[in-house]
Asker: 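One structure, as structure tokens, below. Some questions next.
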There are 2 protein chains.
Amino acid sequence: MALNNLLQIILDNRERKLIDIFSKKKDKILLQTKQLDVADIIITNEIAIERKTGFDFVVSIMDNRLFEQLLRLKDTYSTPILIIEGLNDEVFDNTGMKISSIYGALAYVSYKLGISVIPTRNINDTAIVIERIAIREQIKDKGPIISRKAPKGLSIEERMSFILEGLYDTGPKKAIQLIYNFKTPYNVLKAIKHSFVIYTKTGNPKGIEGPLSKIKGFGHNYLDRNKELIFGIKKVNKEIL
Amino acid sequence: MALNNLLQIILDNRERKLIDIFSKKKDKILLQTKQLDVADIIITNEIAIERKTGFDFVVSIMDNRLFEQLLRLKDTYSTPILIIEGLNDEVFDNTGMKISSIYGALAYVSYKLGISVIPTRNINDTAIVIERIAIREQIKDKGPIISRKAPKGLSIEERMSFILEGLYDTGPKKAIQLIYNFKTPYNVLKAIKHSFVIYTKTGNPKGIEGPLSKIKGFGHNYLDRNKELIFGIKKVNKEIL
DNA sequence: CTGTAATCTTTATGA
DNA sequence: TCATAAAGATTACAG
């Protein structure tokens with residue numbers, strides 16, 4: 001598609017500044033703008049770039065947007081790239097986030113999520129990086145990309161756990177325990193249905209009985225709250241069901 | 001107790017400054033120094049880190065040492081990491097290398113070579129990154145557990161919807177529709193269980209029948225994918241259940 | 001993401 | 001054996 005030796009770059013139409021910069025290079029770059037869902041810049045079918053300023057990066061950590069965005073990027077493109085622009089003292093000092101948290105997130109994205117992180121100083125540098133990548137992929141030897149560690153879309157088990165994390169008092173740990181013990185989300189709900197609180201003679205909750213009682217870490221409170229959530233009833237006696 | 005929570009970090013004995021920094025944390029970190037051949041810092045058998053100041057980085061590009069080093073790192077450890085420290089104006093202005101060349105090399109290392117690049121401002125930040133990686137690999141859960149936190153202050157209906165948003169192709173809209181029609185999450189799963197795909201004589205999916213067919217927007221794809229997710233079975237024929 | 005507070009389950013203890 | 005208190009583990013929340 002690339003006529004002559006024109007570089008083809010697709011930009012999200014909200015990236016005004018980048019559009020301006022590349023517009024001035026019409027002799028080199030064939031610019032295309034559209035509303036993009038999962039990335040900010042697309043170089044090829046395989047390579048897409050998310051651009052974040054240092055400030056954006058930190059803010060998106062706090063509201064949990066970062067992880068979600070990057071996972072989608074990773075799901076959609078085999079070579080996802082994050083350009084992080086101007087991660088400087090100003091960002092570290094003024095966002096109120098702990099330094100260790102920022103670097104923890106950065107390290108996580110880079111080596112655990114397997115997303116290629118490229119730091120730049122400012123938007124002009126960002127434009128340079130984008131152009132270099134486009135040149136390499138579209139003009140130079142399109143040498144193979146050395147594969148990273150196993151591409152990690154959500155497995156079905158992870159996805160199953162994901163559902164259960166909607167329950168009260170249920171984080172990743174408990175969710176995984178439940179799937180491990182009962183195999184499927186539906187079985188988990190059935191297990192909850194068939195478990196009951198045991199009371200002492202004086203009427204105090206003593207523990208639980210039923211399928212759920214075989215796993216540690218699930219008590220009467222867990223049962224009560226989640227039965228209401230799943231079945232829409234406040235209290236359940238064995239006799240009623 | 002304390003002994004078990006010690007982080008173990010192996011440093012090349014030429015990394016004097018890092019050794020100094022970590023030496024002051026003897027209560028947390030078990031430091032080991034030795035002459036290392038292919039990395040500067042070793043976290044586990046799989047994870048090793050090359051540390052380069054911005055200046056070193058540029059110089060090693062020029063004398064062709066960079067790629068040789070990093071390729072060896074990559075050959076030896078399955079998760080190679082490059083910490084690039086203080087890649088700032090001073091480096092870009094005073095090394096005499098073209099900006100685009102520096103970024104070209106950086107991009108190449110990151111997305112083409114598949115080495116995890118993590119930028120830091122200075123050696124103290126570098127130490128933080130190393131410590132975070134060690135914590136994640138040596139203390140926290142091995143497999144990265146993904147979690148989704150429910151927004152706080154949800155009503156029970158909202159919370160019910162949130163559970164269903166763990167299903168495939170189910171966002172807020174479909175989740176609310178489902179709760180509105182079936183009242184509780186458990187009923188929704190039962191409705192999915194008792195809904196089935198209808199096929200044409202030629203074996204093509206035609207639509208669905210059962211409780212779910214009464215609502216618009218839920219087709220055979222939705223049914224197939226989510227039955228697998230909820231019940232752990234790839235395909236369900238009416239006859240089997 | 002991290003670090004801390006809050007919450008829940010389990011174990012220990014005394015009546 | 002039951003009821004309360006302390007300990008241990010996990011989740012929720014704020015930055």
Side-chain angles (χ1 to χ4, degrees), chain A residues 52 54-71 82 84 87 91-113 115 117 161-162 164-180 192 195 197-210 212-229, chain B residues 1-2 4-5 7 28 116 118-120 125 127-141 144-154 159 162-163:
Chain A
K52 280 211 182 312
F55 188 79
D56 281 345
F57 181 76
V58 173
V59 170
S60 65
I61 296 170
M62 289 202 273
D63 59 21
N64 268 328
R65 236 175 44 240
L66 180 72
F67 179 76
E68 179 199 336
Q69 282 184 343
L70 292 182
L71 268 183
L82 170 66
I84 189 161
L87 185 63
V91 174
F92 281 94
D93 294 342
N94 299 333
T95 52
M97 191 173 220
K98 286 184 279 281
I99 294 182
S100 57
S101 295
I102 297 175
Y103 277 119
L106 190 54
Y108 183 83
V109 167
S110 180
Y111 92 92
K112 210 69 186 178
L113 229 46
I115 286 172
V117 173
S161 316
F162 210 64
L164 299 179
E165 287 178 40
L167 301 177
Y168 287 116
D169 284 323
T170 309
K173 294 245 173 84
K174 279 188 179 161
I176 285 172
Q177 266 193 318
L178 288 170
I179 289 299
Y180 178 79
I192 292 176
S195 298
V197 179
I198 309 172
Y199 295 90
T200 64
K201 287 173 186 170
T202 48
N204 287 355
K206 187 183 176 182
I208 69 172
E209 65 173 5
L212 213 61
S213 65
K214 291 181 295 190
I215 323 175
K216 286 212 180 301
F218 298 82
H220 64 272
N221 258 305
Y222 186 91
L223 210 48
D224 276 344
R225 301 185 70 197
N226 281 307
K227 277 202 173 175
E228 183 186 353
L229 181 61
Chain B
M1 187 75 120
N4 260 352
N5 281 7
L7 297 176
K28 281 186 180 179
S116 298
I118 301 174
T120 65
D125 286 9
I128 292 175
V129 169
I130 294 169
E131 188 175 336
R132 301 275 25 130
I133 294 176
I135 288 174
R136 175 164 292 283
E137 294 305 320
Q138 296 177 13
I139 295 183
K140 284 192 179 178
D141 343 49
I145 299 177
I146 43 175
S147 70
R148 71 177 171 143
K149 275 175 276 190
K152 59 180 172 182
L154 295 188
R159 188 103 198 180
F162 185 77
I163 293 179

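Just so you know, these numbers come straight off a predicted model, no measurement behind them. Residue numbers begin at 1 in each chain, while the letters A, B, ... track the order of the sequences.
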Asker: Nearest whole Å is fine: how far is dC1(C) C1' from Y103(A) OH?
Answerer: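 Going from OH in Y103(A) over to C1' in dC1(C) covers 14 Å.
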Asker: On DNA chain C, nearest-nucleotide positions of K216(A) versus I135(B): which is more 5'?
Answerer: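 It is I135(B) whose nearest nucleotide is closer to the 5' end.
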Asker: Can you tell me the distance, in whole Å, between the CD1 atom of I61(A) and the P atom of dT2(C)?
Answerer: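 In whole Å, dT2(C) P lies 10 Å from I61(A) CD1.
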Asker: May I ask you to say what F67(A) touches in the nucleic acid, namely base, sugar-phosphate or nothing, with a heavy-atom cut-off under 4.0 Å?
Answerer: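 Since no nucleic acid heavy atom lies under 4.0 Å of F67(A), the category is nothing.
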Asker: More than 12 heavy atoms of other residues, nucleotides or ligands under 6.0 Å from CZ of F67(A): is that the case?
Answerer: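 More than 12 heavy atoms, drawn from other residues, nucleotides or ligands, come within 6.0 Å of this atom.
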Asker: Please report the distance, rounded to the nearest Å, between CG in N64(A) and P in dC13(D).
Answerer: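 Interatomic distance, CG of N64(A) to P of dC13(D): 12 Å.
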Asker: Once you round it to whole Å, what is the distance between P of dT10(C) and NE2 of H220(A)?
Answerer: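 Rounding to the nearest Å, NE2 of H220(A) and P of dT10(C) are 10 Å apart.
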Asker: Given that R132(B) and I215(A) both sit by DNA chain C, which one's nearest nucleotide is further toward the 5' end?
Answerer: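 Mapping each residue to its closest nucleotide by heavy atoms, the 5'-most match is R132(B).
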Asker: How many whole angstroms separate atom CG of D169(A) from atom P of dT7(C)?
Answerer: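 In whole Å, dT7(C) P lies 10 Å from D169(A) CG.
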Asker: Distance check needed: dG3(C) C1' versus R136(B) CZ, whole Å only.
Answerer: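 Spelled out: CZ on R136(B) to C1' on dG3(C) is 14 Å.
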Asker: Closer than 3.5 angstrom, by distance alone: can the side chain of N226(A) be matched with the main-chain N or O of Y222(A) as a donor-acceptor pair?
Answerer: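 Yes, because the side chain of N226(A) sits within donor-acceptor range (under 3.5 Å) of the backbone of Y222(A).
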Asker: Can you see whether Y103(A) has R132(B) sitting over its ring - NZ or CZ less than 6.0 Å from the centre and within 45° of the normal?
Answerer: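 No - R132(B) does not lie over the ring of Y103(A) by the 6.0 Å and 45° rule.
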Asker: Does dT7(C) have OP1 or OP2 under 4.0 Å away from a side-chain N or O of N221(A)?
Answerer: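 The answer is no; no side-chain N or O of N221(A) sits under 4.0 Å from OP1 or OP2.
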Asker: Can you check side-chain contact (heavy atoms from CB on, under 4.5 Å) on T120(B) and I128(B), steps first, answer last?
Answerer: CA-CA 9 Å; T120(B) 65; I128(B) 292 175; over 6 Å; no
Asker: From C-beta outward on Y222(A), which listed nucleotide comes closest to its side chain: dT9(C), dC2(D), dT11(D)?
Answerer: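 Nearest to the side-chain atoms of Y222(A), counting from C-beta on, is dT9(C).
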Asker: When you measure only distances, ignoring hydrogens and angles, does the side chain of S100(A) come within 3.5 Å of the base of dG3(C) through a donor and an acceptor?
Answerer: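 Not at all, since no donor on one side and acceptor on the other fall under 3.5 Å apart.
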Asker: Rounding to an integer number of Å, can you tell me how far N204(A) CG sits from dA5(D) P?
Answerer: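 Between P of dA5(D) and CG of N204(A): 13 Å.
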Asker: Could you give the CD1-to-P distance, from I128(B) to dT2(C), as a whole number of Å?
Answerer: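 Checked: the CD1 to P distance equals 12 Å.
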